[in-house]
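Working notes, structure below.
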Amino acid sequence: MIQNLINKDLIFTNLSSSSKEDLLKLMGSKLEKLNFVKKGFTESVIKREEMYPTGLHGLNFGFAIPHTDSSFIIKPTIAIAIIPDGVNFKRMDDSDKSIKSKIIIMLAINSPDTQLDALQTIVVAMQDEFLWNEIFKTNNTETIAKLIIDRFTIPCY
Amino acid sequence: MSKKVLVVCGTGGITSAVAEKQIIEAAKRGGISISTYRCTPLEVEVKSKDVDLIVSTTALKNQYNVPVINGLAFITGIGKEKVLREIIEFLKK
């Protein structure tokens, strides 16, 4: 369930001047502080990002999905940073190239088999023009969390 | 005989699992029997020896004796149907 993976405390805005490493540290340390992941997660994500980068070409802009080994995960979640100016990430399909990434989706997922659907839906949804237009308009993390969750909530009549 | 597909990603976990799941579902819909395996780029050299096809979400620097299909579309959703068709056509052969 997507609601269980999206948390307003794990949505980051107003980060325009951040470097890739600072950004990963900021997101990772918050995940560590809130006990979603074990100590060492952040260093591991940074190391993995160097070896196997996660920058991706989206439909409308670049994004990245930094992550690491599932052994670091305590409680599965997804942290999201919104950076309208973009931060350079090396590309997953060609590490010699970089892509300016506007949405960073840090994955703290420990059971790919059950959390995959949610993950793929989020990645695809983040490229939905209507959704990102709305997301880029605000800095309010609660609003952003709600926008993302609502995107997946089919009204029941 | 069922075809064997090796799904590769950088951490051997998340993105390959996303791709693997969609390949399995598409094969099922197409009535094709397949076996899938996941690994990291470091293991491809050895594991590629027993498979018919490699689908990788990450760049593979070496050449292998089996075809390699770029599986990035499974993560971004862009061009996914085209890649799935390509994989299914190959598996039907």
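Quick note on labels: first sequence line is chain A, next is B, and so on, each numbered from 1.
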request  = Mark yes when over 12 heavy atoms from residues, nucleotides or ligands other than A:E142 sit less than 6.0 Å from its CD; otherwise mark no.
outcome  = no

Side-chain heavy atoms under 4.5 angstrom apart, residues restricted to Ile, Leu, Val, Met, Phe, Trp, Tyr: same cluster for [X] and [Y]?
X      : Y      : value
B:I87  : B:F90  : yes
A:L26  : A:F41  : yes
A:L107 : A:I99  : no
A:F136 : A:I149 : yes
A:V87  : A:L15  : yes

With heavy-atom distances below 4.5 Å as the criterion, would you say the side chains of [X] and [Y] are in contact?
X     : Y     : answer
B:T15 : A:I65 : yes
B:T76 : A:H57 : no
B:T58 : A:D93 : no

Could you look at [X] and say if it's the side chain, the backbone, both or neither that has a heavy atom under 4.5 Å from chain B?
X     : value
A:D69 : neither
A:L59 : both
A:S95 : side chain

message = To the nearest 0.5 Å, what is the distance between OG on B:S56 and CE on A:M92?
response = 9.5 Å

Considering all heavy atoms, the nearest A:Y52-B:P41 contact = CE2-CG, 3.6 Å

note = Tightest non-hydrogen contact, residues B:I78 and A:G58, listed as CD1-C, 3.4 Å

